[in-house]
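Computed from heavy atoms alone, side chains included, the values below leave out hydrogens, waters and symmetry copies. Since we're looking at a predicted model, the values are computed, not measured.
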Amino acid sequence: MSTLILAEHEGGDLRPATLSVVAAASAIGNDVTLLVAGSNCAGVGEKATALAGVNKVLVADDAAYEHELAENLSALVVSVAGDYTHILFAATAAGKNVMPRVAALLDVSGISDITEVKSDDTFIRPIYAGNAMATVKSGDAKKIITVRTTSFDAVADTGGSAAVESVASAGANDGVEFIGAELSSSDRPELTSASIVVSGGRGMQSGDNFSMLDEIALKLNAAVGASRAAVDAGFVPNEYQVGQTGKVVAPDLYIAIGISGAIQHLAGMKDSKVIVAINKDEEAPIFQVADYGLIADLFDAVPELSKALDS
Amino acid sequence: MKILVGVKRVLDYNVKARVKADKSGIELANVKMAMNPFDEIAVEEALRIKEAGNAEEVIAVSVGPAKSEETIRTALAMGADRGILIKTDELLEPLAVAKLLKHIVEKEQPGLVVLGKQAIDDDCNQTGQMLSAITGMPQATFASKVELDGDSIKVTREVDSGLESIRIKAPAVITADLRLNEPRYAKLPNIMKAKKKPLEVIEVADTGVDVSSGLSVVEVNEPEQRQAGVIVANVAELVDKLRNEAKVI
Ligand SMILES: Cc1cc2nc3c(=O)[nH]c(=O)nc-3n(C[C@H](O)[C@H](O)[C@H](O)COP(=O)(O)OP(=O)(O)OC[C@H]3O[C@@H](n4cnc5c(N)ncnc54)[C@H](O)[C@@H]3O)c2cc1C
Ligand SMILES: Nc1ncnc2c1ncn2[C@@H]1O[C@H](COP(=O)(O)O)[C@@H](O)[C@H]1O
């Protein structure tokens, strides 16, 4: 039995999500092959050989893979799928885009967002916004899976000595064309891998007020997140959204400010180690999951918190 | 062109899911059901495309039990022209749903299929991508903006680091994200009119589509519950606890 992982990378480095997928593969217990696809990605392929637990690295270097187009990546994965018994992806926007295509092209079910490996064919995954955990068993010859990265501790990116092989491109689909991206450029840690996250909700009242959270985040080396309501209101961009249909985070510390705690929000943060809630409504459901609750007006509490962090 | 929209009947998003005592699944008897919220957004987008003069007909398709007719009627009340129910009492996997939708696509030849990005019951986020893969139509998932220019469609997508835009050629599959639009409410006269709109019912068995699945649910359990902690009196106490008790800052 062997596992193939579609690696994700950006700016010449593997994304942290991939290190967690390798950890999930190691829990399944097979030989692990990492597929690195991209344009001029030999350097990433080289770095990938050092990952703990990786036996082989396949590199597909072609302009067709530059923008992670799902049509092209799925064709590539299927072209190398061969005898692998498991094919894993990160449950990121990119991974979710590709995994179901690979499953469908191989005519097997997809298994989304696993949080635990019970055995090589049995996995646990959240359903209903994490209000239930389903144990699912696959009888398919190939298990096609996305992995919830916060549920698996990243493997070390040193110590390994995998062999590199190059593989042929599977070509480009002409029905789809990448036009451009408006990507956030932030020097703050990335939301899903930050050890502290400070999130704001509708209670923040405006985008400008999020600068109060930026200030705290800077002092704590934290990432800034948000509820759907704050994103819908235009306070912050979409990539800030934490929740069932946004990003899932599980930092050491999650500070929810002006967020009520709807189940859809809790789905994205309730596995955080320590949760702090600052809300003026003592009935807010967020307090039911908070380790430390502060019932206060955020416009008083947040500046005070910022000051207290200086001392 | 025609637009096909997928509408799934799911537990209403305001209702907390309860695990059945025998761990076989979620309690769905006598609870409020509704159209999957992302599918309301998909219907709305299809209607807007039609209202802008870029489509002639919007067809709402649901795969599910007889009661899913209600979900289709909701889509018809919003403004869809006709409905198709592919009836089954089995809980089908996204792959089976995608194959059934493909069956309808072959029959109806839509220029566009609009689905939700995710059903909020199974949280799979798979069906649109699978339909795209098995039909060969290009996909634009997690759409927050759709701009038509003949058979060329520019789609802005919500991705992990922001937004990206791609151009796809119709016929194509689009899946709706939260910020694509704000779906309209069905008005009472339209709810009445919707009762007269055509709704075709097809049995899964009559489609000839193989809906078997290699995946089975062994059991469904409650998640671990978090215990509520303490309420602190002020910011100073909070910072003290975080530093000296939880040791996280
Ligand atoms: C299909 C679907 C998917 C969804 N996905 C997500 C998701 O991924 N993520 C997500 O977050 N939500 C999601 N939602 C939305 C979710 O249901 C809630 O509507 C949303 O989380 C509410 O955001 P909020 O807590 O910021 O706003 P509200 O519920 O309005 O809460 C604002 C809170 O701020 C407090 N407040 C106000 N002013 C102050 C002040 N001055 N000081 C202190 N406290 C103050 C209030 O007491 C209140 O508790 C989804 C919903 C649907 C239907
Ligand atoms: N049973 C169904 N009937 C109609 N549409 C469905 C069904 N299941 C899934 N879909 C569509 O596929 C989308 C994604 O579902 P899923 O892949 O299950 O998360 C939904 O938002 C619907 O638009």
Side-chain angles (χ1 to χ4, degrees), chain A residues 70-71 74 92-93 96-97 100-101 103-105 108-113 122 126-140 173 175-184 220 228 232 237-239 245 252-253 263 270 274 287-295 301 304-305 308, chain B residues 11 13 16-17 19 26 93-95 98 117-118 120-126 129-130 132-134 138-139 141-142 144 154 158-169 178-179 213-223 226 228-232 235-236 238-239 241-242 246 248-249:
Chain A
E71 286 81 353
S74 56
T92 52
K96 291 173 187 171
N97 208 25
R101 299 183 62 86
L105 292 170
V108 298
S109 293
I111 309 173
S112 295
D113 217 14
T122 306
I127 54 174
Y128 287 86
N131 282 304
M133 304 300 287
T135 304
V136 296
K137 187 179 164 85
S138 166
D140 288 321
N173 184 307
V176 52
E177 177 200 348
F178 178 83
I179 304 177
E182 283 170 45
L183 303 182
S184 58
L220 293 173
R228 173 191 174 182
D232 283 2
N238 62 282
E239 66 269 21
T245 61
D252 295 333
L253 173 62
I263 46 177
K270 70 184 164 70
V274 174
F287 287 122
Q288 292 164 20
V289 299
D291 299 281
Y292 303 109
L294 177 62
I295 301 163
E304 238 184 277
L305 175 60
Chain B
L11 183 66
Y13 82 96
K16 189 174 183 320
V19 173
I26 298 297
E93 286 285 317
L95 180 62
K117 93 161 171 185
Q118 172 175 339
I120 60 162
D121 51 2
D122 63 27
D123 282 336
C124 275
N125 194 332
Q126 296 180 9
Q129 296 87 314
M130 287 181 152
S132 162
I134 60 179
Q139 75 181 40
T141 54
F142 325 150
S144 68
K154 183 181 168 196
E158 294 201 358
V159 294
D160 287 342
S161 47
L163 296 171
E164 72 167 39
S165 43
I166 60 174
R167 195 181 300 285
I168 51 175
K169 248 187 278 167
L178 292 171
R179 283 160 284 274
S213 161
L215 200 63
S216 55
V217 176
V218 180
E219 60 178 29
V220 175
N221 286 288
E222 298 270 357
R226 268 190 101 97
V230 295
I231 296 291
V232 294
V235 169
L238 175 64
V239 171
K241 295 252 194 222
L242 292 178
V248 283
I249 61 171

* To do: Decide yes or no for B:Pro223 and A:Lys270: does some side-chain heavy atom of the first lie under 4.5 Å from some side-chain heavy atom of the second?
  => yes
* To do: Counting only heavy atoms closer than 4.5 Å, note whether A:Leu220 contacts chain B via side chain, backbone, both or neither.
  => side chain
Output a table of donor-acceptor pairs, distance under 3.5 Å, between side-chain atoms of residues 159-166 of chain B and any protein atom two or more places apart or on a different chain; print 'none' if there are none.
unit_1   : atom_1 : unit_2   : atom_2 : d
B:Asp160 : OD2    : A:Ala93  : N      : 2.9
B:Glu164 : OE2    : B:Arg157 : NH1    : 2.8
B:Ser165 : OG     : A:Gly180 : O      : 3.4

* **Per-residue contact mode, B:Ala98 against chain A (heavy atom under 4.5 angstrom)** => neither
* Part of A:Asp113 within contact of chain B (heavy atom distance under 4.5 Å) -> neither
* Asked: Tell me, side chain or backbone of A:Val108 under 4.5 Å from chain B's heavy atoms, or both, or neither?
  -> backbone
* Asked: Side chain, backbone, both or neither: which part of A:Asp232 has a heavy atom under 4.5 Å from chain B?
  -> both
* Apply side-chain contact (heavy atoms from CB on, under 4.5 Å) to B:Val230 and A:Tyr292, showing your working. => CA-CA 5 Å; B:Val230 295; A:Tyr292 303 109; 3.6 Å; yes
* Part of A:Ala290 within contact of chain B (heavy atom distance under 4.5 Å) -> backbone
* To do: Measure A:Thr92 against the heavy atoms of chain B and call it side chain, backbone, both or neither at under 4.5 Å.
  => both
* Full working for side-chain contact (heavy atoms from CB on, under 4.5 Å) between A:Leu253 and B:Ile249 -> CA-CA 8 Å; A:Leu253 173 62; B:Ile249 61 171; 3.5 Å; yes
* Asked: Which bit of B:Gln118 comes within less than 4.5 Å of chain A, counting heavy atoms only: side chain, backbone, both or neither?
  -> side chain
* **Side-chain (B:Lys16) to main-chain (A:Ile263) donor-acceptor, under 3.5 angstrom** => no
* **Contact class of B:Ile231 relative to chain A, heavy atoms under 4.5 angstrom** => both
* Step-by-step side-chain contact (heavy atoms from CB on, under 4.5 Å) determination, B:Val19 to A:Met133 -> CA-CA 9 Å; B:Val19 173; A:Met133 304 300 287; over 6 Å; no
* Asked: Distance-only, no hydrogens or angles: does the A:Asp291 side chain make a donor-acceptor pair with backbone N or O of B:Gly229 under 3.5 Å?
  -> no
* Check each atom of B:Val239 against the heavy atoms of chain A and say whether the ones under 4.5 Å are side chain, backbone, both or neither. => side chain
* Asked: Under a 4.5 Å heavy-atom cutoff, which of B:Lys241, B:Glu158, B:Gln139 has the most pairs with chain A?
  -> B:Gln139
* B:Pro94, part contacting chain A, at a heavy-atom distance under 4.5 Å -> neither
* With sequence neighbours excluded, residues passing side-chain contact (heavy atoms from CB on, under 4.5 Å) with A:Lys96 -> A:Ala91, B:Asn125, B:Phe142
* Verdict with supporting geometry, A:Ser112 and B:Gln126, side-chain hydrogen bond (donor to acceptor under 3.5 Å, both in side chains) -> CA-CA 8 Å; A:Ser112 295; B:Gln126 296 180 9; 2.7 Å; yes
